[in-house]
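Below is one structure, written out as structure tokens; comments come after it.
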Amino acid sequence: MRVILLGPPGSGKGTQANLLQERFSIPKISTGDILRAAVSDGTDLGSQAKTYMDQGQLVPDEIVVGLIKERIKEPDCDNGFILDGFPRTIVQAEKLGEMLRSMGQDIDVVVDLEVGKDELLVRLTGRSTCKECGAMYHKTTHPPKVAGRCDACGGELYQRDDDNEETILKRLTVYKQQTEPLKNYYEKQGKLKTAPGRGTVDEIFSRVCEMVN
Ligand code: AP5
């Protein structure tokens, strides 16, 4: 099963991808996570990416396409994968299509999570993430039991550098201009399914599971 999760920043792609990878035992591949790990490791890739990420801009296509090309060849992707945050431009989608065709594979379904702007702002300005296991929390809707610590592993929680209002608004504009056209791109291929992204995490997960099954 090869799935793309599409949707604006804060629509719940990472949350749903974490649940899907557990349910279906296939890896989640998040370009955002890969890039943040490179930033935190202080690699050349990380320092190139950080400038774009801090401004809410997309990292250049050739960088992220190169990352995905390597990652989907790994043996744990043989039975499929969940793409979270990739592709984000038509060029990335075309390159992904070429890569998969050359491997005799294809995308099965693209799930678009639809959430309104006001809700996205609330979610992102209140989000914190575990440094160790990536679990996500929200200061009002899903606070950790102990402030600043992950319920699951006790790891330290942090707020992403790009989760401030100014950068979030920029990311939403970039999404509209560069990523939203992918809906039409995949709709024409008969692969797009739209999941209303409002509701509890579990409610949305049920909808997403129906769509990918
Ligand atoms: P990336 O890390 O992909 O960020 P994003 O797309 O902006 O999405 P987010 O991770 O912010 O949100 P999400 O949809 O995963 O929501 P989440 O589940 O966390 O990218 C970051 C940057 O990296 C980009 O700006 C770009 O610079 C670069 N980049 C990455 N990929 C790239 C690419 N392919 N090309 C070029 N550049 C790239 O949920 C958000 C919050 O809401 C959490 O607190 C969560 O607990 C809460 N929540 C989730 N579901 C619900 C619910 N149902 N109800 C209430 N709260 C909920």
Side-chain angles (χ1 to χ4, degrees), residues 4-21 28-39 45-46 48-69 71 82-93 95-96 111-116 118-130 134-144 150-152 157-164 166-180 182 195-208:
I4 293 173
L5 293 182
L6 199 62
S11 55
K13 301 181 297 294
T15 303
Q16 296 300 324
N18 285 343
L19 295 170
L20 283 171
Q21 75 172 349
K28 149 190 153 171
I29 303 175
S30 157
T31 36
D33 286 351
I34 296 172
L35 292 168
R36 276 185 292 279
V39 172
L45 165 68
Q48 282 180 63
K50 188 170 169 34
T51 321
Y52 297 97
M53 295 168 83
D54 284 350
Q55 291 171 9
Q57 298 286 357
L58 295 183
V59 173
D61 288 335
E62 57 273 21
I63 295 181
V64 282
V65 167
L67 291 174
I68 288 291
K69 204 169 188 169
R71 183 63 186 88
I82 304 139
L83 290 176
D84 158 15
F86 183 93
R88 261 175 145 101
T89 63
I90 297 285
V91 170
Q92 292 180 18
K95 295 285 179 197
L96 175 66
V111 177
D112 174 38
L113 298 168
E114 274 197 344
V115 181
D118 291 349
E119 168 78 6
L120 295 172
L121 269 171
V122 169
R123 285 189 189 181
L124 292 177
T125 49
R127 168 169 64 182
S128 57
T129 309
C130 176
M136 263 168 296
Y137 297 87
H138 189 276
K139 67 180 177 193
T140 50
T141 56
H142 179 39
C150 177
D151 294 350
L157 302 184
Y158 77 103
Q159 188 167 23
R160 275 171 43 177
D161 289 343
D162 59 352
D163 276 350
N164 60 77
E166 189 189 343
T167 313
I168 293 167
L169 291 173
K170 182 71 202 169
R171 285 158 63 200
L172 291 173
T173 304
V174 167
Y175 174 80
K176 197 130 201 77
Q177 290 169 343
Q178 300 193 53
T179 308
E180 217 169 49
L182 290 177
R198 295 279 313 245
T200 67
V201 168
D202 289 345
E203 284 164 357
I204 293 158
F205 185 52
S206 300
R207 287 176 209 147
V208 172

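Atoms within each ligand, like the ligands themselves, are counted from 1 in listed order. In this chain, residues are counted from 1 in sequence order. Remember, predicted model here, so these are calculated numbers, not experimental data.
- No N or O atom of Gly56 sits closer than 3.5 Å to an N or O atom of ligand 1.
- The shortest N/O to N/O separation between Leu58 and ligand 1 does not fall below 3.5 Å.
- Residue Arg160 touches ligand 1 through its side chain alone, judged by heavy-atom distances below 4.0 Å.
- With respect to atom 23 (O) of ligand 1, the closest heavy atom belonging to the protein is Met53 CE, 3.5 Å.
- Contacts between Thr89 and ligand 1 below 4.0 angstrom, taking non-hydrogen atoms only, are absent altogether.
- For the pair Pro144 and Leu157, the tightest heavy-atom approach, listed with the atom from each and the gap, is CG-CD1, 3.6 Å.
- The protein non-hydrogen atom at the shortest distance from atom 16 (O) of ligand 1 is Gly12 N, 3.2 Å.
- Ranking the protein heavy atoms by distance from atom 31 (N) of ligand 1 puts Thr31 OG1, 2.8 Å first.
- Of the options Lys13, His142, Met136, the smallest heavy-atom separation from atom 13 (P) of ligand 1 is shown by Lys13.
- For atom 28 (C) of ligand 1, the nearest non-hydrogen atom of the protein is Leu35 CD1, 3.7 Å.
- For the atom pair CZ (Arg171) and CD (Glu166), the distance works out to 12.5 Å, reported to the nearest 0.5 Å.
- Residues passing the side-chain contact (heavy atoms from CB on, under 4.5 Å) test with Glu62 are Pro60, sequence neighbours excluded.
- Taking the side chain as every heavy atom from C-beta outward, Lys50 and Asp161 approach each other to under 4.5 Å.
- Within the set Arg127, Gln92, Glu203, the minimum heavy-atom distance to atom 40 (C) of ligand 1 is found for Arg127.
- Atom 12 (O) of ligand 1 has Gly10 N, 2.9 Å as its closest protein atom, hydrogens excluded (heavy atom only).
- With a 4.0 Å cut-off on non-hydrogen atoms, Thr15 touches ligand 1 through its backbone as well as its side chain.
- If you look at Val174 next to ligand 1, there are no close heavy atoms at all, none under 4.0 Å.
- Between atom 27 (O) of ligand 1 and the options Gln57, Gln16, Arg36, the minimum heavy-atom separation is to Gln57.
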Can you give each donor-acceptor pair under 3.5 Å made by side-chain atoms of residues 29-38, sequence neighbours left out, with the distance rounded to 0.1 Å?
unit_1: Ser30; atom_1: OG; unit_2: Gly32; atom_2: N; d: 3.4
unit_1: Ser30; atom_1: OG; unit_2: Asp33; atom_2: N; d: 2.9
unit_1: Thr31; atom_1: OG1; unit_2: Gly85; atom_2: O; d: 3.0
unit_1: Asp33; atom_1: OD1; unit_2: Arg36; atom_2: NH2; d: 2.9
unit_1: Asp33; atom_1: OD2; unit_2: Lys28; atom_2: NZ; d: 3.2

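- Residue Val201 approaches ligand 1 through these ligand atoms, each under 4.0 Å from one of its heavy atoms: 50 (N), 51 (C), 52 (C), 53 (N).
- At a threshold of 4.5 Å between non-hydrogen side-chain atoms, the residues Thr200 and Phe205 do not count as touching.
- In terms of heavy atoms, Ala195 sits closest to Val111 at CB-CG1, 4.1 Å.
- Remark: side-chain polar atoms of Lys13 are paired, donor with acceptor, to backbone N or O of Pro8 under 3.5 angstrom.
- Applying the 4.0 Å criterion to heavy atoms of Pro8 picks out, from ligand 1, the atoms 14 (O).
- For ligand 1, the polar-atom distance check against Ser11 finds a nitrogen or oxygen pair separated by under 3.5 Å.
- Judged by distance alone, with hydrogens and angles left aside, the side-chain atoms of Arg127 form no donor-acceptor pair with the main-chain N or O of Met136 at under 3.5 Å.
- Ligand-side atoms of ligand 1 in range of Leu124: 11 (O), range being under 4.0 angstrom from any heavy atom.
- Residue, atom and distance of the protein heavy atom nearest to atom 7 (O) of ligand 1 are Arg171 NH2, 2.8 Å.
- What sits closest to atom 56 (N) of ligand 1 on the protein, heavy atoms only, is Arg123 NE, 3.6 Å.
- In this structure, Lys95 and Thr89 have side chains that are not in contact, with every pair of non-hydrogen atoms separated by 4.5 Å or more.
- Nearest heavy atom pair, residue Asp61 against residue Val91, reads OD2-CB, 3.4 Å.
- Annotation: Ser128 places no N or O atom under 3.5 Å from an N or O atom of ligand 1; distance criterion only.
- In this structure the side chain of Ile168 reaches within 4.5 angstrom of the side chain of Thr125, judged on heavy atoms.
- Considering only non-hydrogen protein atoms, atom 15 (O) of ligand 1 sits nearest to Gly14 N, 2.8 Å.
- In this structure, the side chain of Gln92 engages the main chain of Arg88 through a donor-acceptor pair within 3.5 Å.
- Only the side chain of Ile204 comes within 4.0 Å of ligand 1, counting heavy atoms alone; its backbone N, CA, C and O stay farther away.
- With Arg88, Arg198, Lys170 as candidates, the residue nearest to atom 38 (C) of ligand 1 on a non-hydrogen basis is Arg88.
- Backbone and side-chain nitrogen or oxygen atoms of Val59 are examined, and one is located within less than 3.5 angstrom of a nitrogen or oxygen of ligand 1.
- Annotation: side chain of Leu96 is in contact with side chain of Leu83 (closest heavy-atom distance under 4.5 Å).
- Of the inter-residue distances, the one linking Leu172 atom CG with Thr167 atom OG1 reads 11.0 Å to the nearest 0.5 angstrom.
- Residue Gly199 places a heavy atom less than 4.0 Å from ligand 1.
- When heavy-atom distances to ligand 1 are checked against a 4.0 Å cut-off, Tyr137 comes that close only through its backbone atoms N, CA, C and O.
- The side-chain heavy atoms of Tyr52 and Leu58, taken from C-beta on, include no pair separated by under 4.5 Å.
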